[in-house]
Amino acid sequence: MFDTLPTQIGAGLTVLVVAFAFLKGDEPERIGGGAYVLAWFASLLVQGDGATPGTQWGLMGIDLIMLGVWVALAWKSRRSWPVWASALQSLVAMSHVLTLVDIRPPASAFYAVINLASTGILLVIAIGTFWAWQERRAAGLE
């Protein structure tokens, strides 16, 4: 899975952002980072090596669970970044729905949406962690 440079860069970026969330974030950032890395590992386990046509049920289930996690974080947290993560994850879920209703988007478009939305989720986790860290520093708690 990590045999190309883009996948290695993406894995490194994921590890850095999740480590930043665990070290400097508050509870919502830690929950979000932990859920993201768990879903990342789970998707590595369930995805097939070859591109199979049709709905990938395992990935769809993981992405729907992640949508529920982001919506719950947006509901219970006073932060704004989980709303953005929920919106981006809903794009991923809708990509799966397109294959489910047999609209058959091109595979490159399907994976582009998923990869860009996942990178966006990493970005909002990093931004939310930075804001939480700066709020604690301004309050003199760190």
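We're numbering straight along the sequence, starting at 1.
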Check the hydrophobic clustering (I, L, V, M, F, W, Y; side-chain heavy atoms under 4.5 Å; chains of links allowed) and say if [X] and [Y] are grouped together.
X   : Y   : answer
L88 : L73 : yes
W57 : L64 : yes
L67 : Y36 : no
V18 : W40 : yes

> When you look at CZ of R136, are more than 12 heavy atoms from neighbouring residues, nucleotides or ligands closer to it than 6.0 Å?
Replying inline: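 Yes, enclosed.
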> Does atom CZ of F130 have more than 12 heavy-atom neighbours, drawn from other residues, nucleotides or ligands, at distances under 6.0 Å?
Replying inline: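 Not more than 12 within 6.0 Å, no.
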Is there any salt bridge (Lys or Arg N to Asp or Glu O under 4.0 Å) pair reaching into [range], and which pairs are they, with sequence neighbours excluded?
range            : value
residues 115-129 : none
residues 121-130 : none
residues 113-135 : R78-E135, R79-E135

> Going by side-chain heavy atoms closer than 4.5 Å, which hydrophobic residues are tied to L59, directly or by a chain of links?
Replying inline: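 Under the 4.5 Å side-chain rule, L59 groups with V46, I62.
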> Apart from L23 itself, which Ile, Leu, Val, Met, Phe, Trp or Tyr residues share its cluster (side-chain heavy atoms under 4.5 Å, direct or through members)?
Replying inline: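 None; L23 is a cluster of one.
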> About how many Å separate CZ of F22 and CZ of R30, when rounded to the nearest 0.5 Å?
Replying inline: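 Here the interatomic distance stands at 8.5 Å.
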> How would you list, by chain and number, every residue that makes a side-chain contact (heavy atoms from CB on, under 4.5 Å) with L45, sequence neighbours excluded?
Replying inline: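 Scan of L45 (side-chain contact (heavy atoms from CB on, under 4.5 Å), adjacent residues dropped) gives none.
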> Mind checking what makes side-chain contact (heavy atoms from CB on, under 4.5 Å) contact with L38, not counting sequence neighbours?
Replying inline: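 Here no residue qualifies.
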>> Quick test of your reading: applying side chain to side chain donor-acceptor pair (under 3.5 Å), list the pairs with at least one residue in residues 124-134, sequence neighbours left out, ordered by first then second residue.
In response: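 Qualifying pairs, neighbours excluded: W133-E142.
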Kindly list each side-chain donor-acceptor pair under 3.5 angstrom involving residues 112-126, sequence neighbours excluded, with atom names and distances?
from : atom 1 : to   : atom 2 : distance (Å)
N115 : ND2    : Y111 : O      : 3.2
S118 : OG     : I114 : O      : 2.8
T119 : OG1    : N115 : O      : 2.9

>> Can you give me the closest heavy-atom contact between A35 and M66, atom names plus distance?
In response: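 Taking A35 first and M66 second, the nearest heavy atoms are O-SD, 3.5 Å.
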> Looking at residues at least two apart in the chain, or sitting in another chain, which of them share a side chain to side chain donor-acceptor pair (under 3.5 Å) with E27?
Replying inline: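 Not a single residue meets the side chain to side chain donor-acceptor pair (under 3.5 Å) criterion with E27.
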> What pairs with W81 under side chain to side chain donor-acceptor pair (under 3.5 Å), at least two apart in sequence or on another chain?
Replying inline: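 W81 satisfies side chain to side chain donor-acceptor pair (under 3.5 Å) with E29 only.
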Can you list, pair by pair, the side-chain donor-acceptor contacts under 3.5 Å of residues 91-98, counting residues two or more places apart and other chains?
from : atom 1 : to  : atom 2 : distance (Å)
S95  : OG     : L91 : O      : 3.0
H96  : NE2    : D63 : OD2    : 2.6

